[in-house]
A.B. asks: 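First, the structure itself, so that you have it in front of you.
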Amino acid sequence: MKNKLNYIICVLILFFFNQINLLANELNINASNITVDKKTKTTLLTGNVEAKDNLNNTVFAEKAEYKKELNTFKTFGITKIVTSEGYVLEGEDIFFDNNKKIISSNNNSLILDKDKNKIYLEMFNYFIPKKMFFSKGSVKIKDINNNEYNFSEIYIDETKNKIVGSDVKAFL
């Protein structure tokens with residue numbers, strides 16, 4: 001009898017731990033209007049769309065779609081992201097892959113860091129677990145003293161509050 005009771009307790013504990021893990025991978029999504037397309041298994045969201053992951057990265061947009069099977073979230077139009085470290089990104093048509101833990105866009109974007117530097121990007125990838133932005137192409141940084149720095153490639157590490165780039169041109 002004791003063995004059966006121990007077995008049942010172990011199964012229940014494993015069940016609850018698996019449930020917690022499943023919930024941790026989900027996005028918390030809110031919107032004014034939500035429509036589900038059963039054929040494509042896509043959720044269409046409009047009006048005050050807000051999506052937050054388990055690390056507290058928050059995406060704000062007016063229109064988006066969520067595919068639960070793929071665990072992807074895509075915004076349409078102007079989008080704002082506030083990262084868990086307090087960086088603010090403004091861009092358009094942003095793709096959030098919650099399985100790969102990457103947020104990305106191939107459109108022009110602006111990052112405002114903690115020091116109020118403005119970082120203009122042609123495209124970006126944000127690696128959520130590492131809390132790091134990557135961009136290549138035309139990258140321009142404008143600091144609070146209006147100094148400009150141009151790069152062809154840049155890495156922004158939010159946890160260390162460091163920016164590393166290549167092919168720098170500075171205008172002081």
Side-chain angles (χ1 to χ4, degrees), residues 17-37 40-144 151 153-165:
F17 279 121
N18 282 339
Q19 286 294 94
I20 291 169
N21 190 23
L22 288 173
L23 292 174
N25 287 330
E26 294 289 323
L27 292 173
N28 183 6
I29 302 172
N30 295 308
S32 297
N33 298 309
I34 300 173
T35 307
V36 178
D37 186 343
T40 62
K41 297 182 181 178
T42 302
T43 305
L44 302 172
L45 309 138
T46 55
N48 299 320
V49 179
E50 179 181 332
K52 186 180 282 193
D53 68 3
N54 61 334
L55 296 175
N56 236 10
N57 296 301
T58 309
V59 179
F60 301 95
E62 283 300 312
K63 184 177 178 184
E65 74 177 15
Y66 175 63
K67 294 185 179 182
K68 186 175 176 110
E69 285 184 349
L70 301 174
N71 206 9
T72 60
F73 182 82
K74 182 179 180 183
T75 68
F76 302 98
I78 297 171
T79 305
K80 179 180 176 181
I81 298 174
V82 179
T83 67
S84 59
E85 295 294 318
Y87 283 58
V88 177
L89 181 132
E90 294 175 355
E92 292 183 10
D93 303 336
I94 293 176
F95 185 74
F96 188 149
D97 188 332
N98 202 31
N99 287 333
K100 294 180 181 176
K101 301 295 182 194
I102 295 175
I103 302 173
S104 62
S105 177
N106 289 323
N107 296 316
N108 292 334
S109 301
L110 168 69
I111 297 174
L112 187 63
D113 68 9
K114 291 180 180 179
D115 298 324
K116 305 296 183 215
N117 295 314
K118 293 180 180 178
I119 306 162
Y120 300 91
L121 313 168
E122 285 185 341
M123 58 75 65
F124 76 89
N125 289 319
Y126 179 66
F127 303 100
I128 296 170
K130 294 181 180 182
K131 299 181 180 183
M132 186 176 288
F133 285 96
F134 166 75
S135 182
K136 63 181 179 179
S138 177
V139 178
K140 182 170 84 171
I141 298 176
K142 203 174 208 180
D143 67 15
I144 58 173
F151 298 89
E153 189 174 273
I154 194 169
Y155 291 90
I156 303 168
D157 188 337
E158 290 184 308
T159 54
K160 295 178 182 174
N161 203 24
K162 290 189 178 184
I163 298 173
V164 177

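Predicted model, so just to flag it, every value in this text is computed and none were measured.
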A.B. asks: Under a 3.5 Å threshold, yes or no: a donor from one side chain and an acceptor from the other, between Ser104 and Asn106?
C.D. replies: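 Side chains of Ser104 and Asn106: no pair found under 3.5 Å.
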A.B. asks: To the closest 0.5 Å, what do you measure between NZ (Lys80) and OG1 (Thr58)?
C.D. replies: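 Going from NZ on Lys80 over to OG1 on Thr58, the span is 10.5 Å.
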A.B. asks: Does the Lys101 side chain pair with the main chain of Asn98, one donor and one acceptor, at a distance under 3.5 Å?
C.D. replies: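 Indeed, once roles are kept as given, a pair shorter than 3.5 Å links the two residues.
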A.B. asks: Mark yes or no for whether Ser105, through its side chain, and Met123, through its backbone, hold a donor-acceptor pair below 3.5 Å.
C.D. replies: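 No; judged by distance alone, with no hydrogens or angles, the pair does not exist.
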A.B. asks: Any donor and acceptor pair, going by atom type alone, linking the side chain of Thr159 with main-chain N or O of Asp157 inside 3.5 Å?
C.D. replies: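 Here the side-chain-to-backbone pair does not exist.
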A.B. asks: Could you state the interatomic distance from CG (Asn48) to CD (Glu62), rounded to the nearest 0.5 Å?
C.D. replies: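 So the gap between those two atoms works out to 5.0 Å.
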A.B. asks: How long is the gap from CG on Leu44 to CG on Asp37, to the nearest 0.5 Å?
C.D. replies: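 So the CG of Leu44 and the CG of Asp37 are separated by 6.5 Å.
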A.B. asks: Hey, is the main chain of Ser138 close enough, under 3.5 Å, to the side chain of Glu122 for a donor-acceptor pair?
C.D. replies: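 A pair under 3.5 Å: yes.
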A.B. asks: Walk me through whether Tyr120 and Asn108 qualify under side-chain contact (heavy atoms from CB on, under 4.5 Å).
C.D. replies: CA-CA 7 Å; Tyr120 300 91; Asn108 292 334; over 6 Å; no
A.B. asks: Can you tell me how far apart CG (Asn117) and CD1 (Ile111) are? Round to the nearest 0.5 Å.
C.D. replies: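 Answer for the CG-CD1 pair, Asn117 versus Ile111, is 11.0 Å.
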A.B. asks: Can you find a pair of side-chain heavy atoms, one from Val59 and one from Leu27, that are under 4.5 Å apart?
C.D. replies: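 The answer is no; the side chains never approach within 4.5 Å.
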A.B. asks: As a quick check of understanding, evaluate side-chain contact (heavy atoms from CB on, under 4.5 Å) for Ile34 and Thr43, giving each step before the final call.
C.D. replies: CA-CA 7 Å; Ile34 300 173; Thr43 305; 3.5 Å; yes
A.B. asks: Have a look at Phe96 and tell me which of Ile81, Thr75, Thr79, Asp53 forms a side chain to side chain contact (heavy atoms under 4.5 Å, CB included) with it.
C.D. replies: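 Checked Ile81, Thr75, Thr79, Asp53 against Phe96; only one passes side chain to side chain contact (heavy atoms under 4.5 Å, CB included): Asp53.
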A.B. asks: Hey, mind stepping through Leu45 and Phe76 against side-chain contact (heavy atoms from CB on, under 4.5 Å) and telling me if it holds?
C.D. replies: CA-CA 10 Å; Leu45 309 138; Phe76 302 98; over 6 Å; no
A.B. asks: Does any part of the side chain of Leu89, heavy atoms only, come nearer than 4.5 Å to the side chain of Tyr126, both counted from C-beta?
C.D. replies: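 Side-chain contact under 4.5 Å: no.
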A.B. asks: Taking atom CD1 of Ile29 and atom OH of Tyr66, what is their separation to the nearest 0.5 Å?
C.D. replies: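 Output value for this atom pair is 5.0 Å.
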A.B. asks: How long is the span from the CG atom in Asn99 to the CG atom in Asn71, to the nearest 0.5 Å?
C.D. replies: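 Output value for this atom pair is 4.5 Å.
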A.B. asks: Going through the checks in order, is the side-chain contact (heavy atoms from CB on, under 4.5 Å) test met by Ile103 and Thr83?
C.D. replies: CA-CA 11 Å; Ile103 302 173; Thr83 67; over 6 Å; no
A.B. asks: Between Tyr87 and Asn161, is any side-chain donor less than 3.5 angstrom from a side-chain acceptor?
C.D. replies: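 Distance-only check passes for Tyr87 and Asn161.
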A.B. asks: Using atom types as modelled and distance alone, determine if a side-chain donor or acceptor of Thr42 lies under 3.5 Å from a backbone N or O of Thr40.
C.D. replies: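 Confirmed, Thr42 side chain pairs with Thr40 backbone.
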A.B. asks: Are any of the side-chain heavy atoms of Tyr155 and Lys162 separated by less than 4.5 Å?
C.D. replies: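 A side-chain contact under 4.5 Å is absent here.
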